[in-house]
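One structure is given here, and the rest of the page talks about it.
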Amino acid sequence: MAELGAIDAKLLRMAFEEARAGFDEGGCPIGSVLAEGDRLIARGRNQRVQQGDPIAHGEMDCLRKAGRQKSYRRMTLYTSLSPCMMCTGTIIQFGIPRVVVGEATNFPGNPGLLREHGVAVIIADDADCIALMARFIREKPALWNEDIMEDD
């Protein structure tokens, strides 16, 4: 488990709270927060089910809510689950230099690709993030497979 400072722990907890809210709404429990230091820019969650939008992953929802930014160069993206290829590409495209990941146990995501592009990736192995995603996968495997584009 990665040791997080107080600010990182607080902001990752906010991402987890977004994930839990998505789960409670019947959606995929993936939450995200964008911050510059300790200043919250935006928070969001996977909205694929709630909005019927296949691109509304947690990170994408958060970035949409952040609106236009002149630069992301001093920002950190917090996400409850390791980013998929679409979200990884967006992080790289926007030049977000740092990502704090709640967990990569249930879904490995693409931390290697992020690192290859100079992104600092911290995987927290957060027990709450791991447990919530495991519960979701167990209870709604078809929805999980749809989210990651895997056949049932």
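Since the structure is predicted, the reported quantities are computational estimates derived from the model, not experimental observations.
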Over all heavy atoms of both residues, which pair between [X] and [Y] is shortest? Give the atoms and the distance, please.
X      : Y      : result
Tyr78  : Leu12  : CD2-N, 3.8 Å
Thr105 : Asp125 : OG1-OD1, 4.2 Å
Asn106 : Ala134 : ND2-N, 3.6 Å
Cys62  : Leu77  : SG-CD1, 4.4 Å
Thr76  : Val100 : CG2-CG2, 3.9 Å
Gly37  : Ile7   : O-CG2, 3.8 Å

Inset, instruction - Check the pair Val99, Glu59 against side-chain contact (heavy atoms from CB on, under 4.5 Å), reporting the backbone distance first and the verdict last. - result: CA-CA 11 Å; Val99 177; Glu59 299 90 337; over 6 Å; no
Inset, instruction - In sequence, state the C-alpha distance, the side-chain angles, and the governing distance for Ile30 and His57, and then conclude on side-chain contact (heavy atoms from CB on, under 4.5 Å). - result: CA-CA 8 Å; Ile30 305 163; His57 285 204; over 6 Å; no
Inset, instruction - Start with the C-alpha distance between Lys140 and Val49, add both sets of side-chain angles, then the distance that settles side-chain contact (heavy atoms from CB on, under 4.5 Å), and finish with yes or no. - result: CA-CA 12 Å; Lys140 298 185 177 182; Val49 172; over 6 Å; no
My understanding is that only residues two or more places apart in sequence, or in another chain, count here; which of them pass salt bridge (charged side-chain N to carboxylate O under 4.0 Å, His left out) with [X]?
X     : answer
Arg13 : Asp128
Glu18 : Arg43, Arg45
Arg73 : none

Inset, instruction - Could you tell me whether Lys65 and Asp61 make a salt bridge, using a distance below 4.0 angstrom between a side-chain N and a carboxylate O? - result: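 Salt bridge between Lys65 and Asp61, a charged N being under 4.0 Å from a carboxylate O: yes.
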Inset, instruction - State whether the number of non-hydrogen atoms from other residues, nucleotides or ligands found under 6.0 Å of Gln93 atom CD is greater than 12. - result: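 Open.
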Starting at [atom1] of [X], measure out to [atom2] of [Y] and round the result to the nearest 0.5 Å.
X      : Y      : atom1 : atom2 : answer
Phe136 : Trp144 : CZ    : CH2   : 7.5 Å
Ser71  : Ile96  : OG    : CD1   : 10.0 Å
Asn46  : Cys87  : CG    : SG    : 8.5 Å
Cys28  : Leu81  : SG    : CG    : 10.0 Å
Leu63  : Ile41  : CG    : CD1   : 11.0 Å
Asp53  : Gln47  : CG    : CD    : 9.0 Å

If Ile, Leu, Val, Met, Phe, Trp and Tyr residues are connected whenever their side-chain heavy atoms lie under 4.5 Å apart, and connections chain through other members, are [X] and [Y] in the same group?
X      : Y      : value
Phe16  : Leu11  : no
Ile130 : Leu4   : no
Met60  : Met85  : no
Leu143 : Met133 : yes

Inset, instruction - Indicate yes or no for a side-chain donor-acceptor contact from Ser80 to the backbone of Gly31 under 3.5 Å, with no hydrogens or angles considered. - result: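 Answer holds: yes.
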Inset, instruction - Output all residues satisfying ring-ring contact (aromatic ring centres under 6.0 Å, His included) with Phe94, sequence neighbours left out; order by chain, then residue number. - result: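 Only Tyr72 meet the ring-ring contact (aromatic ring centres under 6.0 Å, His included) criterion with Phe94.
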Legend entry - Close side-chain approach of Arg20 to Pro29, heavy-atom, < 4.5 Å: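 No, side chains not in contact.
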In a table with atom names and distances, give each donor-acceptor pair under 3.5 Å that connects a side chain of residues 107-117 to protein atoms at least two apart or in another chain.
| residue | atom | partner | partner atom | Å |
| --- | --- | --- | --- | --- |
| Asn110 | ND2 | Pro83 | O | 3.2 |
| Arg115 | NH2 | Val121 | O | 3.1 |
| His117 | ND1 | Leu113 | O | 3.0 |

Inset, instruction - Kindly state each residue pair satisfying salt bridge (Lys or Arg N to Asp or Glu O under 4.0 Å) with at least one member in residues 81-106, sequence neighbours excluded. - result: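 Qualifying pairs: Asp8-Arg98.
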Legend entry - Residue pair Met86, Ile55: steps toward the side-chain contact (heavy atoms from CB on, under 4.5 Å) verdict: CA-CA 8 Å; Met86 176 178 66; Ile55 297 172; 3.8 Å; yes
